[in-house]
Protein chains: 2
Amino acid sequence: MATPLSPTTKGAKARTNWVTMEDVAIRAQVSKITVSRVLRAPEKVRAETRERVLAAVRDLGYVPDDAAGALTTRSSKIVAALISTLEGSTFASTVDGLSRNLRAAGYQLLLATTDYSPEREAEILSMLLRQRPDGLVMTSSHHTADALALLKRAQIPVVELWELPPKPIDSSVGFSNFGAGKAMTGFLLDRGYRRPAFIGPRAGIDGRVKSRSEGYAAVVSERAAFPPRIITAPEAVTSLTDGGASGLVTALERWPDTDCVFCSSDSVALGAISEARRRNLRVPEDIAVAGYGDFDLAGNSGLELTTVRIAGTEIGERAAELILQRMQGERPQHKSIDVGFEVVPRASA
Amino acid sequence: MATPLSPTTKGAKARTNWVTMEDVAIRAQVSKITVSRVLRAPEKVRAETRERVLAAVRDLGYVPDDAAGALTTRSSKIVAALISTLEGSTFASTVDGLSRNLRAAGYQLLLATTDYSPEREAEILSMLLRQRPDGLVMTSSHHTADALALLKRAQIPVVELWELPPKPIDSSVGFSNFGAGKAMTGFLLDRGYRRPAFIGPRAGIDGRVKSRSEGYAAVVSERAAFPPRIITAPEAVTSLTDGGASGLVTALERWPDTDCVFCSSDSVALGAISEARRRNLRVPEDIAVAGYGDFDLAGNSGLELTTVRIAGTEIGERAAELILQRMQGERPQHKSIDVGFEVVPRASA
DNA sequence: TTGAAAGCGATACCAA
DNA sequence: TTGGTATCGCTTTCAA
């Protein structure tokens, strides 16, 4: 035994199987830096040399180590995303649009969910920051002081999604939840409903829901002759659909003349419709139901849910564009992008 | 002006605002390596020193650079996930469970979606690998030769999700799609339906659907007196629900005695139910409909969809456990974990 | 057009 | 219990 190791120029001590740039360099008979150039600025290398290097890259199956490169370039090619939740598919399309557009520019998405908790968000943030992301997107606009301090020190572009905070940390892509609440409520009144109530999930879970309910309240206060009727599901109710069912019950008990409910999401609305059917109430004749989100199924399955449509994918795509510009040091024209929303009238209200 | 920079020991040349380990060391009057120890093996440092270092860490708001550390430890603390799609919320809970459990162990999730395309998967894989993930999970089991070669060279633990491939790359967490197709079909025949058809999305999009349809076909061949009836949505139809609607139409045209359709997903089933209602067919009396997935809404909204439930979150959680074990060099007892499935009988079939 | 040397921020290994 | 030194894989800077 004791076969002498072939003196592959000090390459002998590597214990991983990753091919390094040095390996490529040796095979192509050039220096490391030339390999680097071929990969990042091919025009700076003579065609002949370049071909030799590319051949070596192929032969060896070389995959560059971005993390190592990041050490000198100070750019990890990673964008971190803090998403409130992946369930209910609210943000799924946003994440999709985001990752798609980022990847097209060579960036990867580091994803984490916060379950709507600012404390968890802060904690997760500090973990994500250890990877030195070049940028950050988040779907919440309510942050702890710790989180804000971390973000400040990180000095990376931050984009807040799905709202347009009055005082954004940095920039934002979203729409006015307050405006959307107003629009739908106005639409319902225009349709002739007299006593709309608002049904939301457990209290304070989400600032966006609050904004929508405020939009509702604003319109009711202005145009209707009764105080706003806002129902919040009890803490015990966890599922959104269950919350919608119980919300409807509560609304009808408390205000028997309720003729219409505006739900904080389509899932909640489905719960309400389900409960209405259970009670043999006709929708919308006996009780009208409006949702929020325009999820896949809202328009189908005989549901015909009147709702508000948000361009989730577009939010992700625009956020990617914005953050890419910022990461490349450009100063984008707009720090806030309003993608709007749309009231979608269907049969349920 | 021209205030002389305080000679913070060569720290003067840094152009980022990140606090480095060296900065902490200086402030705590120790060497870098001691700071490193305090952070990773506190018991090896005298309590007094440790306190001084921790104070410095806090004061400076130091956040370690894992990417730099990865260079020597050869562990990036990153796990990459290749997900077929985030839409339809099929995999959302899996991603959630995965990222939650990984994070608890200090790992982050690098996420990308492949849109069910093996070619795209291979391409994305090579990009993800540049970040040197410590492990990889993927929801597809159909890979290109390039992808397999990359995976092989990467030499990291790989977990395939949502199926139990006969020949896994490495390990897997899922269940038998074939078995699930068989189980639901058997259930439908037991319920007394005589002529069940299978409705899937556009051809070949997903190996799992194929397995389910094969399970269906196996049972029909064995127990029924007619050849399997399998409908595939035309390429033109993109939405799953639309596919369900058109699938129902096709089935009834081609085989008017069809009394039951087993759909490849709940979304498809909703489309079918929707179409049935449009045609004034009663569900399940005139036509029964079964789905697959047990999405949030399946049990609600008067839908009462009979379906197959998959423990999506559990798949993610178990996958995290498995990959964590493998990354720590343990050899887990099981390379494949079967989380099973469950036929959920409701009113639609 | 190409290369040599010096880091980037952290950890491993061996000393003190 | 603590520290010095040599890397990790890559890019930058400066020369040739």
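Here is the naming used below: chain letters follow the sequence lines, and residue numbers restart at 1 for every chain.
- Dashed line: the shortest gap from a side-chain N or O of B:R40 to OP1 or OP2 of C:dT11 is under 4.0 Å.
- Other residues, nucleotides and ligands place no more than 12 heavy atoms under 6.0 Å from the NZ atom of A:K44.
- With respect to the salt-bridge test (charged N to carboxylate O, under 4.0 angstrom), the residues A:R100 and B:D115 qualify.
- Taking only side-chain atoms of A:V30, from C-beta outward, the nucleotide of C:dC8, D:dT12, C:dG3 with the closest atom is C:dG3.
- The side chain of B:T34 contributes an N or O atom lying less than 4.0 Å from OP1 or OP2 of D:dG3.
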Distance-only donor-acceptor pairs under 3.5 Å for side chains of residues 316-324 of chain A, two or more places apart:
unit_1 : atom_1 : unit_2 : atom_2 : d
A:R318 : NH1    : A:E314 : OE2    : 2.9

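- Rounded to an integer number of Å, the gap from CH2 of B:W18 to P of C:dG9 is 12 Å.
- Here the P atom of nucleotide C:dT2 and the NZ atom of A:K44 are 12 Å apart, to the nearest Å.
- Between the CG atom of A:L71 and the C1' atom of C:dA10 there is a distance of 8 Å, rounded to whole Å.
- Within the 4.0 Å cut-off from OP1 or OP2 of D:dG3, at least one side-chain nitrogen or oxygen of B:S31 is found.
- For D:dT2, the OP1/OP2 oxygens have a side-chain nitrogen or oxygen of B:T49 closer than 4.0 Å.
- Closest heavy-atom contact between B:R326 and B:K335: NH2-NZ, 4.2 Å.
- At D:dT11, one or more side-chain N or O atoms of A:S36 fall inside 4.0 Å of OP1 or OP2 (strictly under the cut-off).
- The CZ atom of A:R132 sits 11 Å away from the C1' atom of C:dA10 (whole-angstrom rounding).
- Between A:Y62 and the phosphate of D:dC10, there is a side-chain N or O to OP1/OP2 separation shorter than 4.0 Å.
- Taking atom CE of B:M21 as the reference point, atom P of D:dG4 lies 15 Å away to the nearest angstrom.
- Of the two residues near DNA chain C, A:K32 and A:R37, the one whose nearest nucleotide lies more 5' is A:R37.
- Considering only side-chain atoms of A:T72, the nucleotide from D:dG9, C:dC8, C:dT11 that sits closest is C:dC8.
- If you find the closest nucleotide of DNA chain D to B:G69 and to B:I33, the one lying nearer the 5' end belongs to B:I33.
- Between the C1' atom of C:dG9 and the NZ atom of B:K77 lies a distance of 17 Å, rounded to the nearest Å.
- We find that CD of B:Q131 is positioned 16 Å from P of D:dG9, with the value rounded to whole Å.
- Spacing between atom CD of A:Q29 and atom P of C:dG3 amounts to 10 Å, rounded to whole angstrom units.
- Salt bridge absent: B:R132 and A:D66 never bring a charged side-chain N and a carboxylate O closer than 4.0 Å.
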